[in-house]
Amino acid sequence: FTDDINAIRGQASGYATLNPLDATLTSLSDGNLNSGTSGAANWKTANATIAVSSGKWFWEASYNNTIDSSNGSYNGVRLTSVAHGTVNGSGVWSVQREATYDQSGSGVSLSPVVNPGDIMGFALDLDNSSLKLYVNGVLVRTFSNVTGEMTPYTASYGSNVNNDLNFGQKPFKFPPPDGFQSLNLS
């Protein structure tokens, strides 16, 4: 028997996770790093536990299972004031399987598309108002005019797709750009 609190519940890491208190997704798992599915024919979302308004931050995301007309996934960053269920549009910068979206809500086609298991890297540079999206380590889109208090978010639609996020708790699959750090409190 031990009464060491770090052995019982694990030592606090300070890294971001998905926030069950700031989510409409209700089946978060894997230490709140997996979104679970929406379980419904509407978009459900979860924000990260850490919001930032300055600095250079990096995290990764991937989705599993096939995206089709009944199942979907978004990952990206949005203003903390954006309502849950909003996956693109004002105050949101995101990626879906075949397109990226800036806050205008207009999609720009991705080629190649993001497939299940592909790693999306997000390099948020709030000192220079930009967000760079990488897929499997290759830069595919740079967003500009990204300002305000931002939080990473994930979204799921349907009963078949969920998202895995890594804010630095585990080694990144692809290295962050120089000067970017994992999303944590230190």
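In what follows, residues are counted from 1 in the order of the sequence shown. Just the heavy atoms: all of them, side chains too, but no hydrogens, waters or symmetry mates, feed the values below. Here the structure is a predicted model, which is why all the values come from computation and not from measurement.
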Which pairs would a plain distance check flag for residues 33-40, meaning a side-chain donor or acceptor within less than 3.5 Å of a matching protein atom at least two apart in sequence or in another chain?
{"residue": "N34", "atom": "OD1", "partner": "G36", "partner atom": "N", "Å": "2.8"}
{"residue": "N34", "atom": "ND2", "partner": "N162", "partner atom": "OD1", "Å": "2.9"}
{"residue": "N34", "atom": "ND2", "partner": "D164", "partner atom": "OD1", "Å": "2.6"}
{"residue": "S35", "atom": "OG", "partner": "N163", "partner atom": "N", "Å": "2.8"}
{"residue": "S38", "atom": "OG", "partner": "A40", "partner atom": "N", "Å": "3.3"}
{"residue": "S38", "atom": "OG", "partner": "A40", "partner atom": "O", "Å": "3.3"}
{"residue": "S38", "atom": "OG", "partner": "N42", "partner atom": "O", "Å": "2.9"}

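- Closest heavy-atom contact between V113 and D118: O-OD2, 3.8 Å.
- Cluster membership check: M150 does not share its hydrophobic cluster with F180, using side-chain heavy-atom separations under 4.5 Å among Ile, Leu, Val, Met, Phe, Trp and Tyr.
- Nearest heavy atom pair, residue W57 against residue N184, reads CZ3-O, 3.9 Å.
- Hydrophobic clustering (ILVMFWY, side-chain heavy atoms < 4.5 Å, transitive): Y134 and Y63 are in distinct clusters.
- Residue pairs meeting the side-chain hydrogen bond (donor to acceptor under 3.5 Å, both in side chains) criterion with at least one member in residues 139-148, sequence neighbours excluded: T100-R141.
- Residues passing the ring-ring contact (aromatic ring centres under 6.0 Å, His included) test with Y101, sequence neighbours excluded: Y74.
- The salt bridge (Lys or Arg N to Asp or Glu O under 4.0 Å) pairs that include a residue from residues 13-30 are D30-K170, where partners are two or more places apart or lie in different chains.
- For the ring pair (Phe, Tyr, Trp, His ring centres under 6.0 Å) condition, the pairs that include at least one residue of residues 107-130, sequence neighbours left out, are W59-F122.
- Cluster membership for V82 and W93, using ILVMFWY side-chain heavy atoms within less than 4.5 angstrom, is shared.
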Apply side chain to side chain donor-acceptor pair (under 3.5 Å) to the pair E149 and T80, showing each step before the final yes or no. CA-CA 6 Å; E149 185 178 46; T80 56; 3.1 Å; yes

Check against side chain to side chain contact (heavy atoms under 4.5 Å, CB included), Y153 and V77: CA-CA 6 Å; Y153 87 100; V77 65; 5.6 Å; no

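- Side chains of S90 and Q103: no donor on one and acceptor on the other come within 3.5 Å.
- Applying the 4.5 Å side-chain rule to ILVMFWY residues, one finds I119 in the same cluster as F174.
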Verdict with reasoning, V87 to V92, per side chain to side chain contact (heavy atoms under 4.5 Å, CB included): CA-CA 7 Å; V87 294; V92 181; 6.0 Å; no

